[in-house]
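All chains are named by letter (A, B, ...) in the order of the sequence lines, taking the proteins before the strands, and each is independently numbered beginning at 1.
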Number of protein chains: 2
Amino acid sequence: MNTLAEENYLKCIYHLGIDAAIVSTNQIAASLNTKASSVTDMLKKLADKALINYTRYQGVTLTQAGEKIAVGIIRKHRLWEYFLVEKLNFKWDQVHDMAEEMEHISSQELVDRLDEFMGFPKHDPHGDPIPDCNGRFKTPELIPLSTLVVNQCGVISGVRDHTSPFLQYLEKQQLTIGKKITITDIIEYDHSVALKIETDKEIHISREVANNLLIAL
Amino acid sequence: MNTLAEENYLKCIYHLGIDAAIVSTNQIAASLNTKASSVTDMLKKLADKALINYTRYQGVTLTQAGEKIAVGIIRKHRLWEYFLVEKLNFKWDQVHDMAEEMEHISSQELVDRLDEFMGFPKHDPHGDPIPDCNGRFKTPELIPLSTLVVNQCGVISGVRDHTSPFLQYLEKQQLTIGKKITITDIIEYDHSVALKIETDKEIHISREVANNLLIAL
DNA sequence: TAAAAAATTTAGACTTATCTAAAATATGAA
DNA sequence: TTCATATTTTAGATAAGTCTAAATTTTTTA
Ligand SMILES: [Mn+2]
Ligand SMILES: [Mn+2]
Ligand SMILES: [Mn+2]
Ligand SMILES: [Mn+2]
């Protein structure tokens with residue numbers, strides 16, 4: 001088995017690897033709030049275990065074995081987040097830190113039964129896909145709300161920023177997963193967006209918020 | 001906060017302290033499968049944190065602060081065991097190791113909501129009392145089945161041995177928590193016991209089994 | 001294409017938790 | 001009450017994971 005630190009590195013490399021072919025030491029250090037020298041030490045260890053492809057100074061990618069572990073941890077993270085929100089009535093902005101601990105509970109059977117208990121949910125409270133017990137999942141085509149044009153509509157299906165303040169703001173504005181929205185105006189000056197939520201409520205959001213809200217068309 | 005190792009030591013000292021006023025270094029070492037010298041090191045650390053009362057060569061007791069932490073961990077352990085059995089349909093002999101990991105999830109609010117979600121259960125799957133959110137619980141008066149006399153009856157309410165083989169054996173014999181039993185015979189030669197379970201099934205158990213089954217009168 | 005700057009790695013140190021072997025203390029039997 | 005034995009503690013090592021500071025390699029820029 002792998003240590004908690006190893007699991008966190010693998011998960012981190014996986015996430016960073018989504019929008020970069022190769023992941024650099026400094027990226028990992030920034031993401032894990034650690035120092036580059038610590039990262040180098042761990043990369044050697046993970047390479048020895050054949051969980052990453054690593055050559056000095058050249059960055060890393062996950063091996064198949066490493067990716068499998070990373071996806072397993074993400075599966076657990078998202079299933080526990082779903083559990084916390086759906087069964088224990090936490091808000092979507094409260095669950096991430098707890099899931100960061102729970103994702104390291106090792107039993108495979110536990111997570112599979114948890115999955116079954118909740119009816120095999122496909123998405124976590126933030127709209128992120130939950131891998132099945134074979135590690136398979138599909139990433140739906142989502143685009144930032146900021147790329148929509150006036151009169152275009154879509155469904156809120158994910159967020160790019162998972163921090164509490166952002167999620168709390170969205171909740172207050174009723175900009176939650178599953179809501180249908182229609183763009184009513186785009187202000188040229190600051191690229192802020194006016195939109196209607198599910199036919200009734202009309203609101204106005206900044207460019208930054210629009211950039212971090214993901215829409216399915 | 002306390003480390004995983006510290007939590008395990010506190011819990012261990014708590015359990016050993018139930019039937020001994022003072023807990024010795026060697027007892028802890030045996031219970032945690034570690035060496036006496038490692039225990040001494042940790043005892044110093046826990047004493048520095050004012051979680052135990054410790055004087056060299058004299059054994060330890062928990063301080064109030066230490067006991068509070070220990071009971072909190074036991075609360076989490078038993079609530080997660082209850083969850084695993086009642087919600088995820090694990091057997092009572094399968095849940096201990098998972099709960100050993102889950103008991104270290106730190107969020108107090110999580111455990112309190114879990115408690116509420118399950119309807120504030122009073123006992124875990126092995127009959128052990130679950131402390132409430134203030135750490136209060138009462139230990140019912142239980143006696144080993146081996147102390148009963150012929151024709152005496154009682155209710156199976158706990159076990160002294162929590163290992164899988166024993167629990168599996170009990171399950172197979174239908175000697176599970178809540179079952180009413182009546183002693184029908186005690187064999188003088190080997191102190192084995194014949195008993196009736198809930199009016200119908202008649203079985204025969206060894207002295208050792210009778211010693212490890214706890215009965216409420 | 002050769003410096004300068006940035007990124008990465010190495011060297012050496014620290015903390016936590018563990019170990020073995022040796023020393024100190026307590027206990028209990030003669 | 002003394003000495004043999006058991007218990008406990010100390011001393012010194014080790015492994016994991018982290019850090020700072022220095023050295024090395026890569027990348028950028030002039
Ligand atoms: Mn999360
Ligand atoms: Mn999430
Ligand atoms: Mn248990
Ligand atoms: Mn139990």
Revision key, fill the gap. Between A:Gln58 and B:Leu43, whichever has its closest DNA chain D nucleotide further toward 5' is B:Leu43
Within this structure, what is the [atom1]-to-[atom2] distance between [X] and [N], rounded to whole angstrom?
X: A:Asn33; N: D:dT18; atom1: CG; atom2: P; value: 12 Å
X: A:Tyr57; N: D:dT27; atom1: OH; atom2: P; value: 11 Å
X: B:Tyr54; N: D:dT7; atom1: OH; atom2: C1'; value: 11 Å
X: A:Lys35; N: D:dT18; atom1: NZ; atom2: P; value: 13 Å
X: A:Asp41; N: D:dC19; atom1: CG; atom2: C1'; value: 10 Å

Review point. Earliest and latest nucleotide of DNA chain C, 5' to 3', sitting under 4.0 Å from a non-hydrogen atom of chain A?
Key: C:dA7 to C:dT10
Review point. Is a side-chain donor-acceptor pair under 3.5 Å present for A:Asn2 with A:Glu7?
Key: no
Just N and O in the side chain of [X]: are any of them under 4.0 Å from OP1 or OP2 of [N]?
X: B:Lys44; N: D:dT10; result: yes
X: A:Ser37; N: D:dT18; result: no
X: B:Arg56; N: D:dT10; result: yes
X: A:Tyr9; N: D:dA16; result: no
X: A:Ser38; N: D:dC19; result: yes

**Study point:** side-chain contact (heavy atoms from CB on, under 4.5 Å) assessment of B:Arg56 paired with B:Tyr54
**Key:** CA-CA 7 Å; B:Arg56 286 178 15 170; B:Tyr54 170 58; 4.3 Å; yes
Review point. Should we count NZ of A:Lys68 as having more than 12 external heavy atoms under 6.0 Å?
Key: no
Point to revise | Sugar-phosphate, base or nothing in reach of B:Thr25, heavy atoms under 4.0 Å | key: sugar-phosphate
Practice item. Describe the nucleic acid contact of B:Ala36 in one word from base, sugar-phosphate, nothing, applying a heavy-atom distance below 4.0 Å. Key: base
Exercise for review: For the residue pair B:Met118 and B:Glu86, establish whether any side-chain heavy-atom pair is separated by less than 4.5 Å.
Suggested key: no
Practice item. Kindly state whether the ring of A:His96 and the ring of A:His126 have centres lying under 6.0 angstrom apart. Key: no
Review point. Between B:Glu103 and B:Arg75, is the closest basic N to carboxylate O distance under 4.0 Å?
Key: no
Check your understanding: Any sub-3.5 Å donor-acceptor pair from B:Arg78's side-chain atoms to B:Ile130's backbone N or O?
Key -> no
